[in-house]
Amino acid sequence: MAGQPVGSLLIWHEQGLGDQIQYARYVAPLMARGIKVSLMCAPALKRLFEPLGCPVIAAEGQVQIPPHDAWILAASLPWRMGTTLETIPPASYLPGGAGGEGLGLLTSGAPIHPDDHNRSMPAEAAAGLRSLPGVRALDREATGARDMQDTAEIVRSLEKVITVDTALAHLAGAMGKPCWLMLPYKGDWRWLTGRTDSPWYPSIRIFRQPAPGDWASVVAQVREAAGQPAP
């Protein structure tokens with residue numbers, strides 16, 4: 001291809017589950033241009049992505065991929081689509097929305113993540129959030145979720161999600177579920193700096209460490225926002 005219009009496009013998965021959820025928002029704008037889109041993803045996301053309305057291919061084992069005019073890596077979509085902070089495709093592209101009861105809490109991510117030592121919260125700090133009224137643990141060991149669709153069904157029943165920087169934040173944001181995101185002092189690029197909102201996900205409110213490693217301040221801010229005194 002040399003930049004000409006295409007009739008069919010394969011979006012090739014890359015990076016983590018959260019990244020794949022973030023870039024899945026581009027399926028609808030591409031289809032609105034009349035492009036037949038196929039989306040390849042991690043197996044844990046296949047059922048979650050089926051409501052997007054395009055063929056979803058789980059990247060597992062031997063995969064049969066129909067011919068396409070072109071393919072693109074998922075993380076290249078913002079660039080190829082000319083995305084700016086003012087033109088990010090709308091969130092709430094997965095079934096969800098406001099409503100529900102209780103708070104879903106996740107204070108740590110997968111240890112294999114290269115920045116997990118920064119993004120995950122120590123147990124002693126996390127204890128200050130587990131005592132919030134109506135809290136439900138959302139780690140897979142607690143929920144028994146088989147994939148992200150199972151997690152989405154739990155999230156849909158909640159009033160709000162409180163999480164560190166994991167795929168859960170992207171899931172809640174893509175569903176339009178209110179989400180309080182707790183970030184380390186040096187957060188990931190997509191959350192920008194110096195702001196408490198996210199242009200990627202309007203339902204997200206950000207709580208940032210005021211200094212490296214200062215999770216105690218983040219916990220205090222979250223508790224205050226929840227109307228709860230320090231434990």
Side-chain angles (χ1 to χ4, degrees), residues 1-59 63-99 147-149 151-153 155-156 161 163 165-179 181 187-193 195 197-206:
M1 304 302 294
Q4 67 267 36
V6 298
S8 59
L9 179 68
L10 172 66
I11 300 175
W12 194 275
H13 80 297
E14 62 173 329
Q15 303 187 42
L17 299 183
D19 302 275
Q20 294 174 60
I21 293 172
Q22 178 180 1
Y23 303 130
R25 73 183 63 226
Y26 287 94
V27 169
L30 287 166
M31 292 195 302
R33 297 186 180 188
I35 300 173
K36 295 180 180 179
V37 176
S38 296
L39 178 62
M40 180 170 279
C41 65
L45 296 171
K46 186 177 189 303
R47 290 201 303 143
L48 180 73
F49 285 164
E50 286 172 351
L52 292 172
C54 70
V56 180
I57 304 169
V63 177
Q64 296 295 323
I65 302 176
H68 292 77
D69 292 339
W71 63 271
I72 187 170
L73 290 170
S76 296
L77 283 165
W79 170 50
R80 290 293 186 184
M81 297 288 282
T83 302
T84 67
L85 292 181
E86 292 72 33
T87 62
I88 293 174
S92 300
Y93 45 93
L94 296 176
D147 59 11
M148 290 300 285
Q149 177 58 30
T151 301
E153 291 169 5
V155 168
R156 194 172 296 117
V161 167
T163 181
D165 188 5
T166 70
L168 181 63
H170 295 272
L171 176 63
M175 295 172 64
K177 178 65 66 175
C179 175
L181 174 61
D188 189 75
W189 66 268
R190 77 200 74 217
W191 308 121
L192 307 177
T193 59
R195 56 193 297 169
D197 67 325
S198 168
W200 292 99
Y201 303 110
S203 69
I204 282 183
R205 175 180 176 182
I206 298 175

Practice problem: Would you mind reporting whether D19 and R190 have side-chain heavy atoms less than 4.5 Å apart? | Solution: yes
Self-check item: Any side-chain heavy-atom pair of V56 and L48 under 4.5 Å
Solution: no
Quiz item: If every non-hydrogen atom of L94 is compared with every non-hydrogen atom of F49, which pair is closest and at what distance?
Solution: CD2-CD2, 4.4 Å
Quiz prompt | Student check: side-chain heavy atoms of C54 and M31 closer than 4.5 Å | solution = yes
Exercise. State whether the side chain of D69 and the backbone N or O of G7 hold a donor-acceptor pair below 3.5 Å, judged by distance alone.
Key: yes
Quiz item: Hey, is the main chain of A169 close enough, under 3.5 Å, to the side chain of K177 for a donor-acceptor pair?
Solution: no
Exercise. Could you give me the CA-CA distance, side-chain angles and deciding distance for M40 and I11, then say whether side chain to side chain contact (heavy atoms under 4.5 Å, CB included) is met?
Key: CA-CA 6 Å; M40 180 170 279; I11 300 175; over 6 Å; no
Quiz item: Any idea which heavy atoms bring I21 and A167 closest together, and the distance?
Solution: CD1-O, 4.1 Å
Practice problem: Report the C-alpha distance between Y93 and L52 in whole Å, list the side-chain angles of each, state the deciding distance to 0.1 Å, and finish with yes or no for side chain to side chain contact (heavy atoms under 4.5 Å, CB included). | Solution: CA-CA 7 Å; Y93 45 93; L52 292 172; 4.3 Å; yes
Quiz item: So which heavy atom on R156 is nearest to which on Q149, and how close?
Solution: NH2-NE2, 4.4 Å
Self-check item: CG-CG distance between L10 and L39, expressed to the nearest 0.5 angstrom
Solution: 8.5 Å
Exercise. Nearest 0.5 Å please: distance from the CG atom of L30 over to the CE atom of M81.
Key: 4.5 Å
Quiz item: Taking atom CD of Q22 and atom CG of L171, what is their separation to the nearest 0.5 Å?
Solution: 13.0 Å
Quiz item: Do the ring planes of H170 and Y201 sit parallel (below 30°), tilted (30 to 60°) or perpendicular (above 60°)?
Solution: perpendicular
Quiz item: Can you check whether A174's main-chain N or O pairs, donor with acceptor, with S92's side chain at less than 3.5 Å?
Solution: no
Quiz prompt | Nearest atoms (heavy-atom pairs only) where S203 meets A172 | solution = OG-O, 4.0 Å
Quiz item: Where the side chain of Q15 meets the backbone of A75, is there a donor-acceptor pair that is under 3.5 Å apart?
Solution: no
Self-check item: D147 vs P43 side-chain heavy atoms within contact, under 4.5 Å
Solution: no
Quiz item: How close do P202 and A91 get, heavy atom to heavy atom, and via which atoms?
Solution: CD-CB, 3.7 Å
Quiz item: Minimum heavy-atom separation for E14 to S76, with atom names?
Solution: OE2-N, 4.1 Å
Exercise. Begin with the C-alpha distance, continue with both residues' side-chain angles, and end with the deciding distance and a verdict on side chain to side chain contact (heavy atoms under 4.5 Å, CB included) for V155 and L168.
Key: CA-CA 9 Å; V155 168; L168 181 63; 3.8 Å; yes
Quiz item: Does the H68 side chain pair with the main chain of P66, one donor and one acceptor, at a distance under 3.5 Å?
Solution: yes
Quiz item: How far apart are the C-alpha atoms of D197 and R205, what are their side-chain angles, what is the distance that settles it, and do they pass the side chain to side chain contact (heavy atoms under 4.5 Å, CB included) test?
Solution: CA-CA 5 Å; D197 67 325; R205 175 180 176 182; over 6 Å; no
Quiz item: Checking K36 side chain against L9 main chain: does a donor-acceptor pair fall under 3.5 Å?
Solution: no
Quiz item: Do Y26 and T83 meet the criterion of a side-chain donor-acceptor pair at a distance under 3.5 Å?
Solution: yes
Quiz item: Judged by atom type as modelled, is there a donor-acceptor pair below 3.5 Å linking the side chain of S198 to the main-chain atoms of I204?
Solution: no
Quiz prompt | Straight-line distance of W12 CH2 to I72 CD1, nearest 0.5 Å | solution = 13.5 Å
Quiz prompt | Donor-acceptor contact present, side-chain R25 to main-chain W200, <3.5 Å | solution = yes
